[in-house]
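This report concerns only the one structure given below.
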Amino acid sequence: MTDEHHHRPHHAAPDPGPRLAPLSEDHWDPSTRELLAPIPRDADGHLPNVFTTLVRHPGLFRHFLPFGSHLLRDGRLPDRTRELLILRTAYNTRAGYEWGRHVPLARAAGVTDEEIRRVGSGPDTHGWTPADARLLRAADELHRDARLSAATWSALAADHDEAQLIEITMLVGQYHMVAFFLNSAGTRLEPGYDTEILPAPTGAGTDAAEGTRGNA
């Protein structure tokens, strides 16, 4: 291999666009409008791309929305707890869209900008309270092992009731499922959210995993 090859400039591949494009509003039939009606619009008047893409499977969407909405709006976990678990799951799954949409929700729940930056460094990083570190460790164990260790379950049980323990596992699982969909469909972050960049994997170089800006 020549020295010229080593120093050849790296050019990013052209952006092919999402694999599944959001369904534009002028293509919504009455059934689609009914399915999307409960979802709040963004400040620009549009619906988030995750929903206008997933609605391409209306039968699944009809059952997905109540479950996801319950976890997000009506769950038993405090808002801060929920958002820390979601952010760590977004980091673990390299789900840039999930990260970008939930950073504002985390801030609204009281997670500071410093804590948001620290999510990517994991539960053993200096600065976390023991309770917050337990949450991040739970998200990591579920991601890595598909179960909570006996030690983590016991530690969480000191702060959470049975319903909340169930919800922790279901919430992390839900956002893994959403990340699989978003990353595979190539769902793009909307303007205004695409400035929230997913932290690079720990120890990564300049070639971060794709999807950090929500264009997986």
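Throughout, residue positions are numbered sequentially from 1 according to the sequence presented. Predicted model, so just to flag it, every value in this text is computed and none were measured.
The minimum heavy-atom distance linking Ile116 with Ala106 is given by the pair CD1-CB, 4.4 Å. Nearest approach of Pro201 to Arg94, heavy atoms of both residues: CD-NH2, 3.3 Å. The two atoms that bring Leu35 and Leu65 nearest to each other are O-CD2, 4.0 Å, heavy atoms only. The two atoms that bring Gly96 and Asn183 nearest to each other are N-OD1, 4.4 Å, heavy atoms only. The minimum heavy-atom distance between Pro40 and Pro48, with the atom names listed, is O-CD, 3.9 Å. Gly100 and Pro104 get closest at one heavy-atom pair: O-CD, 3.3 Å.
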Given the rule in the side chain to side chain contact (heavy atoms under 4.5 Å, CB included) test, do Tyr193 and Tyr97 qualify, once you have shown the distances and angles that lead to the verdict?
CA-CA 9 Å; Tyr193 292 90; Tyr97 186 97; over 6 Å; no
Test side chain to side chain contact (heavy atoms under 4.5 Å, CB included) on Leu36 and Phe61; report intermediate values, then the result.
CA-CA 9 Å; Leu36 294 171; Phe61 186 96; 3.7 Å; yes
For Tyr175 and Leu85, what are the C-alpha separation, side-chain angles and deciding distance, and is it a side chain to side chain contact (heavy atoms under 4.5 Å, CB included)?
CA-CA 9 Å; Tyr175 280 90; Leu85 289 166; over 6 Å; no
Working for side chain to side chain contact (heavy atoms under 4.5 Å, CB included), residues Asp42 and Arg101:
CA-CA 11 Å; Asp42 288 338; Arg101 294 293 309 198; 2.9 Å; yes
List the atom pairs, with distances to 0.1 Å, where a side-chain N or O of residues 145-153 and a protein N or O form a donor-acceptor pair under 3.5 Å, not counting sequence neighbours.
unit_1, atom_1, unit_2, atom_2, d
Ser149, OG, Glu141, OE1, 3.2
Ser149, OG, Glu141, OE2, 3.1
Ser149, OG, Thr152, N, 3.1
Ser149, OG, Thr152, OG1, 3.0
Thr152, OG1, Glu141, OE1, 3.1
Thr152, OG1, Glu141, OE2, 2.8

Which side-chain N or O atoms in residues 159-166 pair as donor and acceptor under 3.5 Å with protein atoms at least two apart or in another chain?
unit_1, atom_1, unit_2, atom_2, d
Asp159, OD2, Arg134, NE, 3.4
Asp159, OD2, Arg134, NH2, 2.6
His160, ND1, Leu156, O, 3.0
Asp161, OD1, Ala163, N, 3.2
Asp161, OD1, Gln164, N, 2.8
Asp161, OD2, Arg76, NH2, 2.9
Gln164, OE1, Asp161, N, 3.0
Gln164, NE2, Arg76, O, 2.9

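Side-chain atoms of Thr89 and Asn92 include no donor-acceptor pair closer than 3.5 Å. A donor-acceptor pair shorter than 3.5 Å cannot be found between the side chains of Glu98 and Tyr91. Between the side chains of Ser24 and Asp26, at least one donor N or O lies within less than 3.5 Å of an accepting N or O.
In the hydrophobic cluster analysis, where Ile, Leu, Val, Met, Phe, Trp and Tyr join through side-chain heavy atoms closer than 4.5 angstrom, Phe180 is grouped apart from Leu182. Val50 and Leu20 end up in different hydrophobic clusters when Ile, Leu, Val, Met, Phe, Trp and Tyr side chains are linked at under 4.5 Å.
By the 4.0 Å N-to-carboxylate-O rule, Arg88 lies too far from Asp132 to be salt-bridged with it. Between Arg137 and Asp140, no side-chain nitrogen of the basic residue sits less than 4.0 Å from a carboxylate oxygen of the acidic one, so the salt-bridge criterion is not met.
In this structure, Arg82 CZ and Leu135 CG are separated by 12.5 Å, a value rounded to the nearest 0.5 Å. A distance of 13.0 Å separates CH2 of Trp28 from CD of Glu34, quoted to the nearest 0.5 Å. From Leu77, atom CG reaches atom CG of Leu84 across 11.0 Å, with rounding to the nearest 0.5 Å. For the atom pair CD1 (Ile168) and OG1 (Thr81), the distance works out to 7.0 Å, reported to the nearest 0.5 Å. A distance of 10.5 Å separates CH2 of Trp99 from OG1 of Thr93, quoted to the nearest 0.5 Å. The line from CG of Leu54 to CG of Asn49 is 12.0 Å long, rounded to the nearest 0.5 Å.
With sequence neighbours left out, Gln174 forms a side chain to side chain donor-acceptor pair (under 3.5 Å) with no residue at all.
Annotation: Met177, atom CE; neighbour count of heavy atoms from other residues, nucleotides and ligands within 6.0 Å is above 12.
Every pair passing salt bridge (charged side-chain N to carboxylate O under 4.0 Å, His left out) that includes a residue from residues 112-122 is listed here, sequence neighbours excluded: Arg80-Glu115, Arg107-Asp113, Glu114-Arg117, Glu114-Arg118. The ring pair (Phe, Tyr, Trp, His ring centres under 6.0 Å) contacts involving residues 123-151 comprise His143-His176, where partners must be two or more places apart or lie in separate chains. Applying the side-chain hydrogen bond (donor to acceptor under 3.5 Å, both in side chains) test to every pair with at least one member in residues 52-64, sequence neighbours left out, gives no pairs at all.
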